[in-house]
Amino acid sequence: MKKALVVGSGFTGCMFAMMLREKGWQVTVVEKAPITGGGVRTFFHGGHPFTYGPRHFIGPDSSQPAFDFLSQYVPMRHLDKINLSYQDCDDAFYNYPVHADDIEKMSDAAQIKKELAELPEETVAANFEEFWLGRVGRTIYERYNKHYNMKAWQLDDNRQMDFGFEATVKRKPLETGSRYEFHTGHINAYPTAPDGYNRFFDIALDGCEVRTSTEIERYDLDKCALHLKGGEVLTGDLMISTTSPDLLFDHCWGELKYVGREVFKIVLPIEHVLPKDTYFLYYPNASEQQTRVTEFKKFTQHKSPNSLITLEVPSMKNKLYPTMIKAEVDKAQRYIDALPEKVRSVGRMGIYRYVDIDDIILQGLEFRKEL
Ligand SMILES: Cc1cc2nc3c(=O)[nH]c(=O)nc-3n(C[C@H](O)[C@H](O)[C@H](O)COP(=O)(O)OP(=O)(O)OC[C@H]3O[C@@H](n4cnc5c(N)ncnc54)[C@H](O)[C@@H]3O)c2cc1C
């Protein structure tokens, strides 16, 4: 029987382990944390289910196969979800994406309309700032995107973010019509079970050897081996790594940059904190540290006279978001290209791209076809 080693038991590690087991491989999963599921695991605080960050299933129509796959194991409920953006200059909450009706309520409506009217149909962009200026003009960019992005990615200047944009930017028409129409255009869903996706992790890892709280001291990539703390060596015919690719090479070309989040949980003595169908709020102002506030009850439908919200504050204390800076993306690619054939680097950290749950499932389904 062929043996596979999987590093990490987040959504990616579970998905790939499941595909390997289905195809008859013997699978050992090595996880440094005491529990499986990584960032998508549901925890409970005072009985309120929550995850670190909202982690709902969201994707374009092309994600339907991923949604169908997941729904076999985790029944899902579709969401009519609205996002609001708090703008301190007006002390008002506006829709996000930007809605034409909201412009009328803004203190600088005349300037915004002038900029929108003068915006060329098409421009060229080399970075995040130019991209959004080309899409919506300066005032909307400054209200919704500028400080949000600088906070979220811990940048001094959004022109540093120079990867992941089409060079040709098309002017973006503002949303019009019903709020639900534009907020629910994609597949947008959440598990119905109180413990979220946790059932999927158990099913996916069924039949695998799972080593939690296990630290890897060294990667011997040519021998497809993991040297564990304590001296044990695990070997396989294939290694699937979901950790950062620089770790596999002991950072020989430098450490890859990531941004993390601190997540603060707060229970409030009120049944619903946010308005109906508003699941989270964005905070795009320079005057606040948080990027987002989530009311979990909206996703989980948990019943309680109280409600749990989380506050996400960008931080360099953990590694969650790969940066969209070309020099970093190129560095990551250099590591990935240097991997021997028997080692695959997959998932969000593994490919150094901001991928969502739907992308990870699609990556796993493609991998199954190769086995
Ligand atoms: C705050 C936040 C909110 C998000 N919200 C959404 C959302 O709403 N919808 C959506 O679709 N996507 C969302 N995402 C993205 C999505 O959750 C991720 O793409 C997905 O969780 C990635 O899964 P993963 O297994 O690759 O990584 P992780 O979930 O980070 O899991 C990695 C696992 O590997 C383990 N590990 C790491 N290094 C090692 C090592 N050296 N040795 C052993 N184990 C190791 C970790 O302990 C962890 O268990 C969000 C991401 C973040 C950060």
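Residues take their numbers from the sequence shown, with the count starting at 1. Note that ligands are numbered from 1 as they come in the structure, with each ligand's atoms numbered from 1 the same way.
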| Which is closest to atom 16 (C) of ligand 1 by heavy-atom distance: His56, Arg41, Arg55? |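 It is Arg55 whose heavy atom sits nearest to atom 16 (C) of ligand 1.
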
| said: Looking at every heavy atom in both Gln289 and Pro314, which two are closest together, and how far apart are they? | reply: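 Closest pair (atom of Gln289, atom of Pro314, distance): O-CD, 3.4 Å.
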
| remark: Closest heavy-atom pair, Gln87 versus Pro284, reported as atoms and distance to 0.1 Å, is NE2-CG, 4.2 Å

| query | With distance as the sole test, does Gln363 use its side chain to make a donor-acceptor pair with the main-chain N or O of Gly347 at under 3.5 Å? | reply |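 Yes: the side chain of Gln363 pairs with the backbone of Gly347.
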
| query | Under 3.5 Å, side chain of Arg21 to main-chain N/O of Ala204, donor-acceptor pair present? | reply |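 Checking the backbone N and O of Ala204 against the side chain of Arg21, no donor-acceptor pair under 3.5 Å is found.
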
Looking at ligand 1, does any of its N/O atoms fall within less than 3.5 Å of an N/O of [X]?
| X | result |
| --- | --- |
| Asp358 | no |
| Tyr354 | yes |
| Asp356 | yes |
| Tyr52 | no |
| Gly39 | yes |
| Val355 | yes |
| Arg292 | no |
| Ile360 | no |

| For ligand 1, which part of Ile216 has a heavy atom less than 4.0 Å away: the side chain, the backbone, both, or neither? | side chain

| task | Using a 4.0 Å heavy-atom cut-off, say whether Val7 meets ligand 1 through its side chain, its backbone, both or neither. | result | side chain

| Arg143 bridged to Asp90 by N-O distance under 4.0 Å | yes

| query | Does Lys113 come within less than 4.0 Å of Glu115, counting only side-chain N to carboxylate O? | reply | no

Heavy-atom gap [X] to ligand 1 smaller than 4.0 Å:
| X | result |
| --- | --- |
| Glu215 | no |
| Phe57 | no |
| Tyr219 | yes |

For [X], take its heavy atoms, then give the atoms of ligand 1 lying under 4.0 Å from any of them.
| X | value |
| --- | --- |
| Gly38 | 29 (O), 31 (O), 48 (C), 49 (O) |
| Tyr321 | 1 (C), 2 (C), 3 (C), 52 (C), 53 (C) |
| Val40 | 17 (O), 21 (O) |
| Glu312 | 1 (C) |
| Leu247 | 41 (N) |
| Val30 | 43 (C), 44 (N) |

Atom [atom1] of [X] and atom [atom2] of [Y]: how far apart are they, to the nearest 0.5 Å?
| X | Y | atom1 | atom2 | answer |
| --- | --- | --- | --- | --- |
| Ile357 | Ser63 | CD1 | OG | 11.0 Å |
| Asn198 | Arg41 | CG | CZ | 4.0 Å |
| Tyr352 | Lys331 | OH | NZ | 7.5 Å |

Enumerate, atom names and distances included, each donor-acceptor pair closer than 3.5 Å involving a side-chain atom of residues 249-260, sequence neighbours excluded.
from	atom 1	to	atom 2	distance (Å)
Glu255	OE2	Lys319	NZ	2.8
Tyr258	OH	Ser244	OG	2.7

| Candidate pair Glu295 and Ser307, rule side-chain hydrogen bond (donor to acceptor under 3.5 Å, both in side chains), full reasoning | CA-CA 7 Å; Glu295 183 172 25; Ser307 194; 2.5 Å; yes

For [atom], which protein heavy atom lies nearest, and how many Å away is it?
| atom | answer |
| --- | --- |
| atom 27 (O) of ligand 1 | Arg348 NH2, 3.7 Å |
| atom 33 (C) of ligand 1 | Gly10 N, 3.6 Å |
| atom 44 (N) of ligand 1 | Lys32 N, 3.1 Å |

| Of the options Phe67, Phe299, Phe57, which is the one that meets His78 in a ring pair (Phe, Tyr, Trp, His ring centres under 6.0 Å)? | Phe67

| request: Test Phe11 against every option in Ile360, Asp356, Val355, Thr242 by the side-chain contact (heavy atoms from CB on, under 4.5 Å) rule and name the one that passes. | output: Ile360

| task | May I ask you to check whether Asp195 and Thr42 show a side-chain donor-acceptor distance below 3.5 Å? | result | no

